[in-house]
Amino acid sequence: MTDEPQPSGSDPADSASPDSGMLTERHASWAELFFDLVAVAGVAGLAHVLAGEFGPLAPALYVALFLAFWMTWLIFTLYGNSAGSELRLVRLLIGMFGLGVMAAAIPGVTEAVLHHETTDGAWLAANAFALAYVIARWFGAQSWRGGQLVTDFPIAQQTLGILPWVVSLWVDGEAKLALWGLGLAIDVGGLIIINGSRMLASYQRRADEMRRRVDRSAQQGPLPVHHDRRGNRRTALDRLEAMRVGSVRLDPEHLAERLGLFVIIVLGEGIIQMVRTSWEVPWDRGLLGAGLVGFLLLVGLFTLSLLYGHAGIPYLRPGVLGIRVTLALHFVVAGSIAALATALAETIEVAGQPLPTAQRWLMCAAVMIYFGVGLIAAVAGGNRRRRSLVPWVIAGIVLPAIIGATADQTRGTTVAWYVAAVLLWHILAARRRRRGDRTDIPDGVSPPTAEK
C-alpha cells in the first residue's frame with residue numbers, strides 16, 4: 001500500500017480533455033467508494049443512540065455524534081473532490097480508520113452519557129471517540145497545500161473547534177457532552193460567520209507582505225538557507241514560491257454524487273435495521289405489514305431525495321443554493337432519514353401494537369424535519385405558489401405533529417402507513433410537475449431528467 005495518486009474515475013472517458021471533443025463527466029473513484037463504506041458502520045452505530053425508550057438527552061447526543069461523524073466524513077470527501085486524479089489513497093485510509101474508531105465507540109458513548117455507565121470500558125469508548133475525532137479532523141485539515149483555501153467550506157481547514165474535544169478527555173459525565181457541543185458550535189458558528197472570499201483576500205495580503213519583507217532582506221544580503229523535510233536546501237523566497245495563495249475549486253456535480261451516495265448508504269442501513277429486527281421477533285401478519293410499509297417508506301424517501309431531488313435533498317435543483325447551504329440541508333436530511341429508519345425498526349419489533357412514546361415522536365419529528373427541508377428546497381427552486389405549499393405544510397408538518405401528540409393508542413404500523421401515504425402524494429405531485437415542465441420546453445431542447 002503506497003501513498004500514490006489514484007485515478008478519479010473508473011472510466012477512462014471521465015478524464016478526457018475538452019479538446020478531444022468528448023464530454024468530461026467525473027464520478028466517484030474506487031478509493032472514494034471504499035472510503036464511503038465506513039459510513040455504513042457509522043449510521044449503524046448511531047442507531048443505538050435512539051433505540052427503545054430514550055430520554056430528552058438522547059436526541060442531543062444523537063445530533064452531536066451524527067454531526068461529528070458527518071463533518072469528518074465530509075472533510076475527507078471534499079479533499080477527494082478537490083484532489084481529483086491526485087487523490088492519495090493513504091490519506092483517505094487514515095480518515096477511514098478514524099471514522100471506524102468513532103463508529104465502533106458509539107455504543108460505549110451511549111452507555112456512558114445516557115445510561116451513566118461508570119465502567120472503565122464505557123468511558124474508554126467515549127475518550128476513544130473524542131480522540132479519533134480530534135486526530136481525524138486535524139489530519140483532514142492538512143489535506144491541502146499551504147495557501148490553498150476551501151472557501152466554500154472554510155471550517156474544513158479550521159481546527160479551533162477540536163480544542164474543547166481535547167479538554168473533554170479529562171472530563172466525565174454530562175460535562176463531556178457539553179464540551180463536545182461547544183466544539184461543534186464553534187465549527188457551525190465559523191461556517192456561518194467566516195467569509196471565504198474575505199479570508200482568501202486576507203491570506204493574500206499576508207503573503208504579499210511576507211514577500212515584501214523577503215525582498216527587502218534579499219537586497220541586504222544572501223537569504224538564510226534552511227532544509228525541508230526531504231533535505232532540500234530552501235530559502236524563505238523558495239518557500240513563498242511554493243506556497244501560492246488560491247481558492248480550492250470544488251466539482252459541484254461530483255460533490256452532489258458523493259452526497260447522494262451518503263443518503264443511499266443511510267437508506268441501506270435502514271433496510272438492514274429492519275431485517276435484523278425481523279430476525280428477533282415472531283413472524284405474523286403484523287410483522288409482514290410493518291415490513292412492507294417500512295420498505296415502501298424507504299423507497300419513497302429514495303424517490304424524493306434522489307430521483308426528484310439533488311445531492312440527496314428532496315426537491316432541490318442543481319445550482320439553486322450555495323454549497324454551504326446545500327451541505328447544511330444534506331446533514332439535516334441524512335440525520336432525519338437515519339432517525340426515521342430507527343423508528344421503522346421499532347415498528348417491526350412492536351408490530352400490531354402502539355409505538356413507545358419516544359419512538360412515535362421520533363418518527364413524526366423525522367418526517368416533519370424531512371418535509372421541512374423539502375419545503376425550503378422547493379421554495380428556493382421557484383415553487384412559491386401558496387396553493388401548492390399549503391397542503392404540503394398540512395400533510396408533512398402539521399398532521400405529523402398532531403399524531404405525535406395524540407396517537408398514543410394508535411398502532412405503529414398505522415402511523416407508518418400515514419407517512420407512506422404522504423410520501424406517495426409528494427411523489428405523484430412531483431411527477432405531475434415534471435410532466436408539466438416537459439410540456440413547456442421549446443422544440444430541440446432536451447427535457448430535464450431525474451437526478452442520478
Side-chain angles (χ1 to χ4, degrees), residues 38 41-75 95 97-141 154-194 328 331-332 334-336 338-339 342 357-359 361-362 365-366 369:
V38 75
V43 176
L46 288 164
H48 288 273
V49 182
L50 298 176
E53 278 285 1
F54 53 82
L57 189 60
L61 179 63
Y62 172 78
V63 172
L65 297 183
F66 198 100
L67 180 57
F69 188 90
W70 175 86
M71 191 177 298
T72 306
W73 171 86
L74 177 63
I75 289 173
F97 181 79
L99 286 167
V101 173
M102 293 169 65
I106 289 175
V109 175
T110 304
E111 293 296 321
V113 176
L114 297 185
H115 304 152
H116 305 287
E117 183 65 50
T118 58
T119 61
D120 292 340
W123 286 112
L124 177 61
N127 283 337
F129 183 95
L131 186 60
Y133 173 75
V134 168
I135 295 175
R137 278 295 309 272
W138 181 86
F139 190 80
I155 62 171
Q157 297 167 283
Q158 304 296 319
T159 56
L160 179 62
I162 68 176
L163 293 181
W165 289 77
V166 175
V167 177
S168 74
L169 295 174
W170 290 272
V171 175
D172 292 336
E174 295 181 1
K176 184 184 290 288
L177 180 59
L179 286 170
W180 292 359
L182 175 61
L184 294 171
I186 292 174
D187 284 331
V188 174
L191 185 61
I192 297 173
I193 296 173
I194 297 176
F331 163 73
V332 176
S336 64
T342 302
T357 302
Q359 293 297 324
W361 269 112
L362 179 63
I369 293 172

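When reading the values below, keep in mind they use all heavy atoms of this one structure, side chains included, and skip hydrogens, waters and symmetry mates.
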Inset, instruction - Please report the shortest heavy-atom distance between Val171 and Ala175, naming the atom on each side. - result: CG1-CB, 3.3 Å
Inset, instruction - Report the distance from atom CD of Gln157 to atom CH2 of Trp138, rounding to the nearest 0.5 Å. - result: 13.5 Å
Inset, instruction - Under the ring pair (Phe, Tyr, Trp, His ring centres under 6.0 Å) rule, collect the residues that match up with Phe69, sequence neighbours excluded. - result: none
Inset, instruction - Output all residues satisfying side chain to side chain contact (heavy atoms under 4.5 Å, CB included) with Leu160, sequence neighbours left out; order by chain, then residue number. - result: Leu163, Ile186
Inset, instruction - Check side-chain hydrogen bond (donor to acceptor under 3.5 Å, both in side chains) between Thr342 and all other residues, then give those that pass, not counting sequence neighbours. - result: none
Inset, instruction - Heavy atoms only: give me the nearest Ala125-Ala105 pair and the separation to one decimal. - result: O-CB, 3.2 Å
Under 3.5 Å, which donor-acceptor pairs link side chains of residues 47-65 to any protein atom two or more places apart or in another chain?
residue: Glu53; atom: OE2; partner: Thr357; partner atom: N; Å: 3.3
residue: Tyr62; atom: OH; partner: Gly335; partner atom: O; Å: 2.7
residue: Tyr62; atom: OH; partner: Ala339; partner atom: N; Å: 3.4

Legend entry - Minimum-distance pair of heavy atoms, taken over all atoms of Met102 and Thr72: CE-OG1, 4.2 Å
Legend entry - Value rounded to 0.5 Å, distance of CH2 in Trp123 from CG in Asp172: 5.0 Å
Inset, instruction - Enter the distance from Ile162:CD1 to Ser168:OG here, rounded to the nearest 0.5 Å. - result: 11.0 Å
Legend entry - Which atom of Ile75 lies closest to which atom of Ala141, heavy atoms considered: CG2-N, 4.5 Å
Legend entry - Gap between atom CG of Leu67 and atom CH2 of Trp180 - 0.5 Å precision: 13.0 Å
Legend entry - Separation between CD1 of Ile106 and CZ of Phe66, rounded to the nearest 0.5 Å: 9.5 Å
Legend entry - Residue pair Gly161 / Pro164: nearest heavy atoms and the distance that separates them: O-CD, 3.4 Å
Inset, instruction - Give, for atom CH2 of Trp73 and atom CZ of Phe331, the distance between the pair rounded to the nearest 0.5 Å. - result: 12.5 Å
Inset, instruction - Under the side chain to side chain contact (heavy atoms under 4.5 Å, CB included) rule, collect the residues that match up with Phe97, sequence neighbours excluded. - result: Val101
Inset, instruction - Tell me, please, which residues at least two apart from Asp187 pass side chain to side chain contact (heavy atoms under 4.5 Å, CB included). - result: Met71, Tyr133, Arg137, Ile155
Legend entry - Nearest heavy atoms of Ile369 and Ser336, plus distance in Å: CG2-CB, 4.0 Å
